[in-house]
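Below is one structure, written out as structure tokens, with a few remarks after it.
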Protein chains: 2
Amino acid sequence: MDKAEKYDKPDKCAEKREAIIQAALELVAEQGFHGAPMAMIAEKAGVGAGTIYRYFENKDDLIRWIYKNVEERFVEVMMQGYPEHGPVRERLVHIGTALVRHLINEPLQLRFVEQFHNSPYGVDHRREKIFGQQKKDIISELFDEAVAQQIFKPLELAILFSLFFGPLVDICRDHILGFIKLDDALIEQVVGACWDALRR
Amino acid sequence: MDKAEKYDKPDKCAEKREAIIQAALELVAEQGFHGAPMAMIAEKAGVGAGTIYRYFENKDDLIRWIYKNVEERFVEVMMQGYPEHGPVRERLVHIGTALVRHLINEPLQLRFVEQFHNSPYGVDHRREKIFGQQKKDIISELFDEAVAQQIFKPLELAILFSLFFGPLVDICRDHILGFIKLDDALIEQVVGACWDALRR
DNA sequence: TATAAAGGAATGAACGGTCATTCCGCGAAA
DNA sequence: TTTCGCGGAATGACCGTTCATTCCTTTATA
């Protein structure tokens, strides 16, 4: 039964890979990088320790791959139903609300990203994000536009991002850890408060 | 010369202890906990590896002791010149400005605290801070008062703290890492923005 | 179809390196 | 001479990574 189930699936490789990713995501999110040795990831994923190295070059590679995917998911979520032609406030509230809703539904993703940001990778990543800026993304464009239209305070993008996203992420973490209890009304209030910080 | 200097001081023990603390603070701040092994702390402090254990029970003890002291320094700085009887806005601006000025003058302390917060200690510490709350501190009292007077939005303390302190700390980090350049005028604008987030 | 060999995926014990902590000999102070 | 702080090699635990071996699937053969 076990064996039949195991081998009649055509994509067992992809499944193993997924199991490794999920195990690593959970362990890093819940215990930090210290608490996620490769042997433990392997055990949790139900594979041998060496197997991980068939799918990922090394631990760094695994961690970066997960981060990249999680971050992409964040952007996707914020862009889903994005009111591209609405007023600035509506667009910003959409982004903030979508992000918060997603983060509290996927606590592991939030915790993982936080662990990543506070690690040797983190600084390099932020530097690249602030200075690299080869192709402006939609969110940066929205902020630039709002500054140009004198809707936002005339501050650098990095500062505006901190004012808006910083508290939202902090508050999601507090919700996940059980320190506060977010509901729809409260999310709206908090996003509104972050908007107030940006508004001229 | 070295020896003479070393032993004619009456408080050489306290000096050694200070050297250990300073070395640990610097290494953790600059490299994270991974990059601050006890042997390296000892070398940087100019003492033997075993000597650290004459002053601190173990690494945890050392780290917690440093954290406690750094945090106390933060509170001291915010309370220095605190306009106790001024209007709420003035008091809040004082706190925010004093904190930012101190953080950018003492980048190691900021980086150390951030490392601490993102570690197994961090969550427990925050939980204790939010729920423990045996004796209200002056800052909490200020926020409570502002909510009661309907100057602030009617939100929980944890949320108001995130709205105010979250961005300030983020921005100081960006300054330290060279991503932005804070000056007095900019600090005032940013603190003002955080105030706007709280204001009803 | 039945059997056997080949090929590649998976395994987990073993390796080299690092870490926190211990412990014992040394040398300064009394 | 005795005492005691100190140093740093030694210890044992742990971690990322490797690799010889095993196991499963596919292909070749009769």
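Hydrogens, waters and symmetry mates play no part in the numbers below; they use all other heavy atoms, side chains included. Just so we're on the same page: letters track the sequence lines, and every chain starts at 1.
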D:dG7 phosphate, OP1 or OP2, under 4.0 Å from B:Lys16 side-chain N/O: yes
Interatomic spacing from CD in A:Glu71 to CD1 in A:Ile66 - rounded to 0.5 Å: 14.0 Å
From C:dA20, C:dT11, D:dG7, nucleotide with atom closest to B:Thr51 side chain: D:dG7
A:Tyr53 OH - D:dC15 C1' separation (whole Å): 9 Å
N or O in side chain of B:Tyr55 less than 4.0 angstrom from D:dC6 OP1/OP2: yes
Atom pair CZ/CZ of B:Phe112 and B:Phe33 - distance to nearest 0.5 Å: 5.0 Å
Length of the line joining B:Glu43:CD and C:dA20:P, which is rounded to integer Å: 14 Å
Earlier contact from the 5' end, DNA chain D, for A:Ala49 and A:Met40: A:Met40
Nucleotide D:dC15, atom C1' - distance to CG of A:Leu62 in whole Å: 15 Å
Length of the CD1-P vector between B:Ile41 and D:dG7, whole Å: 15 Å
Distance in angstrom units between B:Ile52 CD1 and C:dC19 P, rounded: 13 Å
B:Tyr67 OH to B:Ile63 CD1 distance, which is reported to the nearest 0.5 Å: 12.5 Å
Whole-Å distance separating the CG atom of A:Asp61 from the P atom of D:dT18: 12 Å
Shared hydrophobic cluster, A:Ile138 / A:Val77 (ILVMFWY, side-chain heavy atoms < 4.5 Å): no
Whole-Å distance separating the CZ atom of B:Arg54 from the C1' atom of D:dC4: 8 Å
For atom CE of A:Met38 and atom P of D:dC14, their distance in whole Å: 18 Å
